[in-house]
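Notes to accompany the following structure.
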Amino acid sequence: MTKRVPPAAWILVAMVIGVILGYMVFVQFPDKKTAAEIAGYISIISDVFLRLIKMLIGPLVFSTLVVGIAHMGDASAVGRVFAKSLGWFVTASLVSLILGLVLANVLQPGHNLGLPLPDIGASANLATSKFTFKDFIAHMVPRSFAEAMANNEILQIVVFSMFFGVALAALGEKGKTLVAVVDEVSHVMLKITGYVMKLAPLAVLAAMAATVAVNGIEILLRFAVFMADFYFGLLILWGILVAVGFLILGPRVMKLLGLIKEPFMLSFATASSEAAYPKILDALDRFGVKRKISSFVLPMGYSFNLDGSMMYCTFATLFIAQAYNIHLSFATQVTMLLVLMLTSKGMAGVPRASLVVIAATLNQFGIPEAGLLLILGVDTFLDMGRSATNAIGNSLAATVVAKWEGELLPESAAEANARALDAESATTLAHPAAA
């Protein structure tokens, strides 16, 4: 019997082919406008894939979260899981911000840059007003559930789902029928997800090709030090996360890393954390995290636990300050860290959200916003690392909370569950009509 090629391997092959294809376009069409136009056609596949994923996220988060909360049984259990999740998120965010701050001060990536600096009066044309803490608190509560679903506002969907799930659990026997219906909806959404994921390698190929076709490989060389320093920081952050995971989960954490390699690579190649959401949910199922925990913690993590993006905020802000030779005192840097701790919590779901948060921070601390123009060209390549890091952080968060709650299956039971999921997937592939 021929051994099946793992999905992660297909994604890796697609990334390599995408880079080669994109570089061919970049060389053959030196005019940036023409290359961008061709890249636009190439990226149709990745755009459609990401739209399909976004189409699924709202109903998937709602259905899985409502069922998870309903199975918890009471509001006190929901509050306990919420508090533990938030504790992890705040701690991880603080560690990520501090790491970015320390590395930027030690490595000094912005000094002696050797590149022409954008004029101080230039603007990156990014809206910054939406990232005040006051607006974020108001934005948490949806004006309409339909509007939240239509705009894919994950945090608003989570808030509504929490109310809905707690109320459904309070109904007891009367609510069982509706719980069963919502549970079936979640299974339907996961089945559709399985179909959509067949496009993942093609989407990865198109995303990489479009990015390289416009920017080429040379831009990476111009910002080699800055990018190398940032990815060095990400490696340290991954090490910290895995080390903490090892302390709590033991050697079993390595099994988790093996299970999330596909969503990790998918996040990296598409520079989108959302693209990996369904795959992370599936990986956590196979690892033994009960769905009532993963469906609660994971959506929250997409708003509160973006570890890679948090580290980038402090690192990039100090990089720009160093490039313009602006000295920031220790007290100012600590204040900046605390400001970012609050304002960055609204970044989920906003395109190039990290840049918007950084732009708002630059304005508050008298650093030229024009400095963002320095990093705009390589931001997509950096966003790949940020998104992949977010996938690791959220997977670990859900697993650790499950461990704390006693809702993590033993290894033997988790392996049996994984085999059942594989058998169901094989049946679907063999007899799609029956599924």
| Any donor-acceptor N or O pair under 3.5 Å, side chains Gln156, Asn151 | no
| request: Any pair with a residue in residues 232-251 that passes side-chain hydrogen bond (donor to acceptor under 3.5 Å, both in side chains), sequence neighbours left out, goes on the list, sorted by first then second residue, please. | output: Trp238-Thr389
| query | Residues in salt bridge (charged side-chain N to carboxylate O under 4.0 Å, His left out) with Glu147, at least two apart? | reply | Arg143
| task | Report yes if some heavy atom in the side chain of Met300 is under 4.5 Å from a heavy atom in the side chain of Trp88; otherwise report no. | result | no
| task | Run the numbers on Phe164 and Phe62 for ring pair (Phe, Tyr, Trp, His ring centres under 6.0 Å), then give the verdict. | result | CA-CA 9 Å; Phe164 194 94; Phe62 172 74; 5.5 Å; yes
| Heavy atoms from other residues, nucleotides or ligands near NZ of Lys84 exceed 12 (cutoff 6.0 Å) | yes
| task | Determine whether more than 12 heavy atoms belonging to other residues, nucleotides or ligands lie under 6.0 Å from atom OH of Tyr231. | result | yes
| Would you call Arg51 and Asp47 a salt bridge, using N to O less than 4.0 angstrom? | no
| Under the salt bridge (charged side-chain N to carboxylate O under 4.0 Å, His left out) test, which residues partner Asp183, sequence neighbours left out? | none
| said: Checking Arg80 against Glu405 for the salt bridge (Lys or Arg N to Asp or Glu O under 4.0 Å) test, could you report, in this order, the C-alpha distance in whole Å, the side-chain angles of both residues, the deciding distance, and whether it holds? | reply: CA-CA 9 Å; Arg80 190 175 64 248; Glu405 280 292 298; 2.9 Å; yes
| Between Phe315 and Phe226, ring centroids under 6.0 Å | yes
Pairs under 3.5 angstrom only: tabulate donor-acceptor contacts from the side chains of residues 166-181 to other protein residues two or more places apart or in another chain.
unit_1: Glu173; atom_1: OE2; unit_2: Lys176; atom_2: NZ; d: 3.0

| message | I need the single residue from Leu103, Asn105, Val102 that forms a side-chain contact (heavy atoms from CB on, under 4.5 Å) with Leu318. Which is it? | response | Asn105
| remark: Sorted by chain and number, sequence neighbours left out, salt bridge (charged side-chain N to carboxylate O under 4.0 Å, His left out) with Arg252 holds for none
| query | Residues in side-chain hydrogen bond (donor to acceptor under 3.5 Å, both in side chains) with Lys279, at least two apart? | reply | none
